[in-house]
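Encoded as structure tokens, the structure appears first; notes follow it.
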Amino acid sequence: MSTKLSQQPGPIGVFDSGYGGLTILSKIKDAMPQYDYVYIGDNARAPYGPRSFEVVYDFTLQAVKKLFEMGCHLVILACNTASAKALRSIQMNDLPNIDANRRVLGVIRPTVESIGGLTATGHVGVLATPGTIKSESYPLEINKLFPNVEVTGEACSMWATLVENNEIDNEGTAYFIKKNLDSLIAKDSQIDTIILGCTHYPILLPLIKQLVPDDIQVVAQGEYVAESLKDYLKRHPEVDAKCTKHGRTLYYTTEAKDVFKESATRFLDEDIDVHRIVLD
Ligand code: DGL
């Protein structure tokens with residue numbers, strides 16, 4: 001594949017199973033408006049949460065290759081499930097064969113790095129997809145940096161599906177949010193910080209905030225990921241030089257473009273141009 005890939009600078013690629021990565025992209029764009037971005041949402045095959053390691057890896061690699069073909073030298077997996085299940089294999093096994101100078105980064109590490117400064121009790125809850133919880137990525141990564149922090153996970157099997165289907169603020173959604181919050185807090189009553197470990201969940205934040213006890217802070221990842229990326233590009237001028245800067249963003253979805261546009265516009269608060277793409 002390397003012979004086909006352009007060595008000219010290109011946009012930063014941002015990938016998610018669906019709409020969730022938009023919560024990351026919007027914070028990245030706030031922090032770094034001068035860069036160009038290409039977003040791919042694999043809405044036709046979302047949610048990824050219940051899928052096996054092999055399938056999430058295959059789908060994520062397809063998206064990464066597509067973003068490379070579109071000229072990206074740097075791709076952000078704006079999806080915890082893909083970061084947990086595919087990032088390491090892609091970095092270690094695929095990038096050396098595709099192009100060792102291209103970079104793929106995830107969202108779990110930058111989120112985890114912020115945790116030490118956020119919890120006072122040292123008890124942290126993580127709400128995420130079944131896949132991310134099963135991978136144990138959050139406890140493993142947090143305890144590498146903060147061995148004394150107690151991490152409790154809760155798999156929220158319905159939440160990403162509710163977001164993908166635009167069921168954002170109704171009674172049924174509130175039922176599932178309350179059920180998972182109650183279950184998490186019942187497992188550890190000392191939790192003072194809850195990480196939204198799925199990029200879809202900030203879209204549910206107004207409802208989550210209504211239902212969570214006042215003494216627990218709820219942390220979304222977007223700003224941490226954006227700050228970490230900004231810092232990464234400062235520390236890696238050779239990667240930064242491969243990123244074009246005209247302030248443009250292109251949006252691609254594997255589903256119908258009108259459906260994506262209608263939902264995405266609600267989350268992004270801006271009018272966007274959407275194209276359909278096939279991943280294979
Ligand atoms: N937004 C994704 C995440 O951060 C995945 C949601 C899903 O497709 O299940 O985990």
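Just follow the structure's listing: the first ligand is 1, and inside any ligand the first atom is 1. Residue numbers start at 1 and run along the sequence shown.
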Note down each nitrogen or oxygen pair, ligand 1 side and protein side, whose separation is under 3.5 Å; give only atom names and the distance to 0.1 Å.
from	atom 1	to	atom 2	distance (Å)
ligand 1	1 (N)	D16	OD1	3.0
ligand 1	1 (N)	T199	OG1	2.8
ligand 1	1 (N)	H200	ND1	2.6
ligand 1	4 (O)	N80	N	2.7
ligand 1	4 (O)	N80	ND2	3.1
ligand 1	4 (O)	T199	N	2.8
ligand 1	4 (O)	T199	OG1	3.3
ligand 1	8 (O)	S17	OG	2.6
ligand 1	8 (O)	Y48	N	2.7
ligand 1	9 (O)	Y48	N	3.2
ligand 1	9 (O)	G49	N	2.8
ligand 1	10 (O)	N80	N	3.4
ligand 1	10 (O)	T81	N	3.1
ligand 1	10 (O)	T81	OG1	2.7

Between K261 and D273, is there a side-chain N and carboxylate O pair less than 4.0 Å apart?
no
Could you state the interatomic distance from CD1 (I194) to CG (L118), rounded to the nearest 0.5 Å?
13.0 Å
Does the gap between the ring centers of Y39 and Y252 come in under 6.0 Å?
no
Give a yes or no on whether the ring-centroid distance for W159 and F176 is below 6.0 angstrom.
no
Just checking Y19 against F260, ring centres under 6.0 Å apart?
yes
Check R102 with D99, please: is the shortest side-chain N to carboxylate O separation under 4.0 Å?
yes
